[in-house]
Amino acid sequence: MGNVFEYRQGLLCCEGVELQKVAEREGTPCYVYSSAGILNAYGEYAVGLEGIPHRICYAVKANGNLAVLALLARAGAGFDIVSGGELYRVLKAGGDPEKVVFSGVGKTREEIEYALSEGIHSFNCESEAEIALISSLAVRLGRTASVAVRVNPDVDASTHPYISTGLKEHKFGIGIAEVRGVYDRAAALPGIALDGVSCHIGSQLLDASPLLEAAQKMLDLVDALRARGIPIRVLDLGGGLGVPYHAGDPRPDVPGFLSTLKSLVAGRDLFLMLEPGRSIVAESGALLARVLYRKKSGEKEFVIVDASMAELIRPALYEAHHEILPLRECRFGTVKADVVGPVCESGDFLAEGREVANVLPGDTIAAMTAGAYGFAMASNYNARLRPCEVLVEGESWRVVRRRETLAELVRGEQ
Ligand SMILES: *Cc1c(COP(=O)(O)O)cnc(C)c1O
């Protein structure tokens, strides 16, 4: 759990704040984020790439809360977006549009026009038709759009199939075998500066070697494109480094990865971009939930809590693991149980068959390592109100998104 969450005198704390107090004051379910944790994780990237021209574009989709974005914008981060909505968030949070890269396989005309008119840094494009559309819209708006082609380097990221993106059979990018022809044809289009290459091979990579393998393939591609007279300036290697979700799992060696990357890129006259999401925010977040009931069904024990797959869908979607910790260290040992929510789906669990603290109704637990793809994937399924979000800074905390209200639940409906 990094070092921003720890027990002090039997109470789970985030930085200098007792989480029990947050749960009592703000209610549950509730996401809590550590600003120090987020800034430390960003700082590890920033320090690791010092000395070469670079930008770290935080992937907004991991956690798009305005306060989180503002924290990172003030630290100097750029942003990787995948929708017009994310661009809106970045601008609202005070992010610099010139540091924004727009990724994604299905950008609409409206989203492209919005991004062009705000003057973002560049587009990572995933098809020839998309490049042609950007070209024509840029000409009409009197802009020049910086464009990179997202290349599928055919590297096996060895991660969960739903978050692996860099193999030939995936919908993402353009195959490395076909991409030279795409550059040749697109180079002649007006309104665009075709000056980058990009890739993103997957997520939750605990070992950096697939990323380095992809980097090497991309550098070879840069050389080949430059030899064809295409002046590539930017190399964007995407995001994807993982975090230890299980207590005791090793943490990927981010400094080691960055130093190897730096030595590969140094002296090649390239602007290096990375798009980390999960590794910036995951470990700095926890989801607090109150125990509603305990129940035994045959031999099975259930801990029923007030958080569900509507607030944290990762266990249901990816069979993901989140450590479950009691906010007060438990004096009654442990129990093997399913920790489940109130949603009407058998897939609605936070943990299955897990040895957890023997908590009782009224106790509060935390699902750890929930800062990435947690609230960002929350829904109103079962007409549940989306939870509040709290940002901790040292000894204090503030609500950075209040809990939804019933009126907001039906907003816009007739
Ligand atoms: C999701 C995504 C990222 C961030 O991935 P993480 O695994 O969260 O670091 C970066 N770039 C692109 C294009 C993405 O789709």
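Atoms within a ligand are numbered from 1 in the order they appear, just like the ligands themselves. These numbers were taken from a predicted model, which means no experiment stands behind them.
Under the salt bridge (Lys or Arg N to Asp or Glu O under 4.0 Å) criterion, Glu24 pairs with Arg328, not counting sequence neighbours.
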Please give the N or O to N or O pairs under 3.5 Å between ligand 1 and the protein, distances rounded to 0.1 Å.
from     : atom 1 : to     : atom 2 : distance (Å)
ligand 1 : 7 (O)  : Ser203 : OG     : 2.2
ligand 1 : 8 (O)  : Arg278 : N      : 2.7
ligand 1 : 8 (O)  : Tyr373 : OH     : 2.6
ligand 1 : 9 (O)  : Gly240 : N      : 2.9
ligand 1 : 9 (O)  : Gly277 : N      : 2.9
ligand 1 : 11 (N) : Asp80  : OD2    : 3.3
ligand 1 : 11 (N) : Glu275 : OE1    : 2.6
ligand 1 : 15 (O) : Lys61  : NZ     : 2.7

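Annotation: cation-pi pair Lys107/Phe102 present, NZ/CZ under 6.0 Å from the ring centroid and within 45° of its normal.
Side-chain atoms of Tyr42 never come within 3.5 Å of backbone atoms of Tyr58 as a donor-acceptor pair (strictly under, hydrogens ignored).
Residue pairs meeting the side-chain hydrogen bond (donor to acceptor under 3.5 Å, both in side chains) criterion with at least one member in residues 75-100, sequence neighbours excluded: Asp80-Ser103. Pairs engaging residues 230-244 under the salt bridge (Lys or Arg N to Asp or Glu O under 4.0 Å) rule: Asp195-Arg233 [sequence neighbours left out].
Residues Ser308 and Glu311 have side chains that bring a donor and an acceptor to within less than 3.5 angstrom of each other.
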